[in-house]
Amino acid sequence: MTATKFTPPPNFIRNIIAEDVEAKKNNGRVHTRFPPEPNGYLHIGHAKSICLNFSLAAEFGGLCNVRFDDTNPTKEDVEYVESIKSDVRWIGFDWGDRLFYTSDYFDQLYEYAVQLIKDGKAYVCSLSADQIREYRGTLTKPGKDSPYRPRSVEENLDLFERMRAGEFEDGAHVLRAKIDMTSPNLNMRDPTIYRIRKVDHHRTGSKWCIYPMYDFSHCLSDSIEGITHSICTLEFEDNRPLYDWILDQLNVDCHPQQIEFARLNLSYTVLSKRKLVQLVEQGDVSGWDDPRMPTISGMRRRGYTPESIRNFCERIGVAKRDSIVDMALLEYCVREDLNKRAPRVMGVLRPLRVVIDNYPEDQVEELDAINNPEDPSMGTRKVPFSQVLYIEREDFREDPPKKFFRLAPGREVRLRYAYYITCVGVVKDEQTGEVAELHCTYDPETRGGWSKDGRKVRGTLHWVSAAHSLEAEVRLYDRLFEIANPDGEKDGADFKTYLNPNSLQVVTSCAIEPSLSHAEPGSVYQFERLGYFCVDSVDSSDKTLMFNRTVTLRDSWAKIEKKEQKQK
RNA sequence: UGGGGUGUCGUCAAGUGGUAAGACACAGGAUUUUGGUUCCUGCAUUCGGAGGUUCGAAUCCUCCCACCCCAGCCA
């Protein structure tokens, strides 16, 4: 393999861990975790976190757990658990035997809560949700103590036990940490740590009707698992004092260090679960795995490879400032990977019939084509050539603009791996005036696509023998949103206003070379001169081949044409 | 107007007192049977702003400005 070695840039988290290891903190041990809530599908932003946690652990000879943060049964579901597991595996990471659930710790967590109550550091509050909000104060005004704050340890213990036993309805009581209602950090104003939810949990069934809140369960779960560095996103920065407070009060042996980094934003898409759910539920896309979605399953179906995603995550870096990474970098990463591994193939998206007037009507030749010029070990294949061919409609111009060096009346071009042909006639549809067919002559001396006399041709076109071609449907994808930052719009505008109405274009009756007749679902090809395409793993069948365009090739002609048009 | 963060090229991002890495994008050029790939070349006299300390500041100090997050019994 000629894999280009890319040295990841240093980042502040790696630096912190390196120093900790150097200082023999945690006896030099490094243990991270990826803690998704099973309430949605993983997206490229999660991939950043997954890659960060797993590779940091790997780099320092440590381990990384996967832990489902399943403390809110009203929002979570096994469907998500399964998809998350397969996505993490697909991206390329192995959690070994360390797949955990916060719900594994419910008993222990309950005991910790009881301990807090016994120590007078937590109390049962019987205020309503609205009242709790009122008592909390505001950003600029301190809160005030709940009237239930002074309840005795005995009463709290009794009430909490009865909460667990199901004696009260949802919302009747909550368990709160007793910290400081005047703290400028709202998280410290006696945060709720347990609430009543009389619903079944996807793993614990009906065993519990009280469930711990994130702030209480997360730090303790980390501690229970012996996590050394608990990496999370920026919005949890204000929760860190609470994370530390709980671990300090309970005097646990393992007190992980929480470190926050900026979540990923990608241009021309959205990465908030709420918005992605909305797109799925309102039918703007076909599902979580719609190839336009920035979800792992969508990208997989689109033809992205795990390597390209991992590479992307490495290149974007890790820092604390809000940023929007250019989609062009992601596209660069897939092209880089696919260029090395995708077999080349010829496919015509919008066929234009070409008749080679001087080619024997019944003759068929099998011409040699290289499967991947980047990798000779991938060998060659035979491609049939005959009198009637298809070429790409946009490769012919009756009135060619400057710098257009493809086919035009009287002009000679090369058919890749075949012959030089010269356009000698144009047949038009009488009704529409549209070019219906081209007549060309070929030079038998140019077999294979080159000429002994050294004559140069400017253009090389891809083509397919009409009689041998396979029909296929191709989906061309474009950015999901028309503006770079649909997420950044202030509440006034609905992000969906910016959806790109042309993000999906279905092209039927495409003509592709016969070697693709048994293409496997999910396999990726480069259609020469067009882009990378993969066989759709959901809709493609033996009857109808369906391809998704992963990404176009870089297209300098398109750039030139755009520029020329601007100058007019 | 409380608290917590962040400001280095169009976009990411190194840099931690010694004189602005790298990547993507962009612009030129070379090679090319993919207008692909590959290969060269160019691309921040300047680090949100203003002062100050210092022989020397993106790095230290002061003030200011901008942006992000927090008032779920969500995570």
Closest nucleotide among [options] to the [X] side chain:
X	options	answer
A/Asn11	B/G36, B/A14, B/G10	B/A14
A/Ala319	B/G36, B/A13, B/G10	B/A13
A/Met213	B/G72, B/G35, B/U34	B/G72

Short side-chain N/O contact to B/G36 OP1/OP2 from A/Arg554, under 4.0 Å:
no

Considering just the side-chain nitrogens and oxygens of A/Lys563, establish if one lies under 4.0 Å of OP1 or OP2 belonging to B/G28.
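For B/G28, OP1 or OP2 has a side-chain N or O of A/Lys563 closer than 4.0 Å.
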
Residues forming a salt bridge (charged side-chain N to carboxylate O under 4.0 Å, His left out) with A/Asp478, sequence neighbours excluded
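A/Asp478 satisfies salt bridge (charged side-chain N to carboxylate O under 4.0 Å, His left out) with no residue once adjacent residues are dropped.
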
Qualifying ring-ring contact (aromatic ring centres under 6.0 Å, His included) pairs, either residue in residues 309-331 of chain A, two or more places apart
none

Would you please name every residue forming a side chain to side chain contact (heavy atoms under 4.5 Å, CB included) with A/Ser49, sequence neighbours left out?
A/Phe34, A/Asn53, A/Phe261

Heavy atom of residues 132-143 of chain A under 4.0 Å from RNA chain B: which residues?
A/Ile132, A/Arg133, A/Arg136, A/Thr138, A/Leu139, A/Thr140

Interface with RNA chain B, restricted to residues 177-197 of chain A and to heavy atoms under 4.0 Å:
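Hits under 4.0 Å, by residue number: A/Pro184, A/Leu186, A/Thr192, A/Arg195, A/Arg197.
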
P atom, B/G52 versus B/C67: distance in rounded Å?
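Result for the P pair: 28 Å, nearest Å.
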
How far does the C1' atom of B/G7 sit from the matching atom of B/C47, given to the nearest Å?
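It works out to 10 Å between them.
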
Are side-chain N/O atoms of A/Tyr243 and A/Asp222 paired as donor and acceptor at under 3.5 Å?
yes

Applying the Watson-Crick and G-U wobble criteria at under 3.5 Å, what pairs with B/G72? Answer none if nothing qualifies.
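Pair assignment: B/G72 / none.
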
Its glycosidic angle compared against 90° from 0, B/G7 adopts the form anti

I want to confirm an ordering. Mapping A/Lys75 and A/Arg406 to their closest nucleotides on RNA chain B, which one lands closer to the 5' end?
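Per heavy-atom nearest nucleotide, the more 5' residue is A/Arg406.
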
Would you list the pairs meeting side chain to side chain donor-acceptor pair (under 3.5 Å) in which at least one residue belongs to residues 171-181 of chain A, sequence neighbours left out?
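Of all non-adjacent pairs touching residues 171-181 of chain A, those that pass side chain to side chain donor-acceptor pair (under 3.5 Å) are A/Ser126-A/His173, A/Asp180-A/Thr182.
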
So, A/Phe404 versus A/Trp557, ring centres under 6.0 angstrom or not?
yes

